[in-house]
Amino acid sequence: MFKLSSRQHAPGLTIQSSIRVVPLHLTERFGPPSGATGDGKVSGNYVFEDSGGNTLAIYDWKSTALYDAHPAANLPTVNEFWASDEPMEFTLAASGSVDLIGFARWIGATSIGIGTWQWMNL
């Protein structure tokens with residue numbers, strides 16, 4: 001089982017995969033994400049824990065105009081991204097031995113990038 005962590009950031013995690021999940025579903029279920037990074041590469045993230053004490057985090061990576069506001073980049077604003085009802089790609093990072101597919105299903109992901117980043121529908 002998984003739960004939202006009280007921590008807002010989780011340094012030292014290793015990228016494990018990517019998931020596609022609807023940002024609006026995340027904000028409705030867990031509230032607003034934690035704040036953006038200073039370099040604008042991440043506009044928000046959520047940190048979770050599993051029953052074994054392992055930590056997971058999901059975050060957008062260079063997905064919003066916070067990172068690149070040039071019109072040619074065609075990226076949504078931070079508010080547009082987090083209010084979107086379309087699946088968006090999030091990076092999934094973790095520590096320890098975590099059931100990534102179980103987590104992706106629990107979080108409501110539509111698909112997960114596994115192995116050589118091939119997408120598997122959930």
Side-chain angles (χ1 to χ4, degrees):
M1 189 53 137
F2 304 93
K3 67 177 184 174
L4 184 65
S5 175
S6 60
R7 298 185 303 171
Q8 292 187 352
H9 301 285
L13 301 181
T14 302
I15 295 174
Q16 302 289 324
S17 185
S18 289
I19 59 173
R20 290 186 181 132
V21 63
V22 174
L24 181 60
H25 293 172
L26 294 173
T27 60
E28 289 175 341
R29 185 172 174 187
F30 302 111
S34 64
T37 57
D39 59 7
K41 292 179 181 176
V42 174
S43 71
N45 77 88
Y46 292 96
V47 179
F48 301 92
E49 298 170 0
D50 70 7
S51 56
N54 298 303
T55 302
L56 305 94
I58 59 170
Y59 54 91
D60 66 307
W61 179 254
K62 299 181 180 180
S63 299
T64 70
L66 182 64
Y67 173 68
D68 187 348
H70 292 94
N74 198 30
L75 294 173
T77 66
V78 172
N79 288 340
E80 289 169 343
F81 179 86
W82 289 101
S84 175
D85 61 358
E86 295 294 322
M88 300 287 204
E89 189 171 327
F90 287 82
T91 298
L92 171 56
S95 66
S97 179
V98 177
D99 178 4
L100 299 176
I101 294 174
F103 175 77
R105 286 186 173 131
W106 177 82
I107 200 78
T110 59
S111 56
I112 184 170
I114 56 173
T116 57
W117 298 98
Q118 294 183 2
W119 288 95
M120 179 179 86
N121 291 329
L122 298 174

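Residues L122 and A109 come closest through the heavy atom pair CD1-O, 3.7 Å. Nearest heavy-atom pair across L66 and A36 is CD2-CB, 3.5 Å. The two atoms that bring V42 and D60 nearest to each other are CG2-O, 3.3 Å, heavy atoms only. In this structure, L75 and A65 approach most closely via the heavy-atom pair CB-N, 3.7 Å. Across all their heavy atoms, H70 and D68 have their closest contact at ND1-OD1, 2.8 Å. Between L100 and Q16, the shortest heavy-atom contact is CD1-CB, 3.6 Å.
For the atom pair OG1 of T91 and NZ of K41, the computed distance is 12.0 Å after rounding to the nearest 0.5 Å. Taken from OG in S18 to CD1 in I112, the straight-line distance is 8.5 Å, to the nearest 0.5 Å. Separating the OG atom in S63 from the CZ atom in F81 is a distance of 4.5 Å, to the nearest 0.5 Å.
Cluster membership for L26 and M88, using ILVMFWY side-chain heavy atoms within less than 4.5 angstrom, is shared. The hydrophobic clustering, which links ILVMFWY residues whose side-chain heavy atoms are closer than 4.5 Å, places I58 and W106 together.
At a threshold of 4.5 Å between non-hydrogen side-chain atoms, the residues N121 and S111 count as touching. The shortest distance between side-chain heavy atoms of I107 and F30 falls below 4.5 Å. In this structure, V47 and L56 have side chains that are not in contact, with every pair of non-hydrogen atoms separated by 4.5 Å or more. For the pair S34/Y59, no side-chain contact is recorded, criterion being any heavy-atom separation below 4.5 Å from C-beta on. Looking only at side-chain heavy atoms (C-beta outward), L24 and W82 stay at 4.5 Å or farther from each other. The closest side-chain heavy-atom distance from D50 to D99 is not below 4.5 Å. A heavy-atom distance below 4.5 Å is not found between the side chains of S84 and V22. Residues Y46 and F90 form no side-chain contact, since every pair of their non-hydrogen atoms from C-beta on lies 4.5 Å or further apart.
At a cut-off of 3.5 Å, with distance as the only test, a side-chain donor of D39 or T37 sits close to an acceptor on the other residue. N54 and S95 share no side-chain donor-acceptor pair at under 3.5 Å.
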Which atom pairs, one a donor and one an acceptor, fall under 3.5 Å between side chains of residues 4-13 and the rest of the protein, sequence neighbours left out?
from: S5; atom 1: OG; to: R7; atom 2: N; distance (Å): 3.1
from: S5; atom 1: OG; to: E49; atom 2: OE2; distance (Å): 3.1
from: R7; atom 1: NH2; to: T55; atom 2: OG1; distance (Å): 2.8

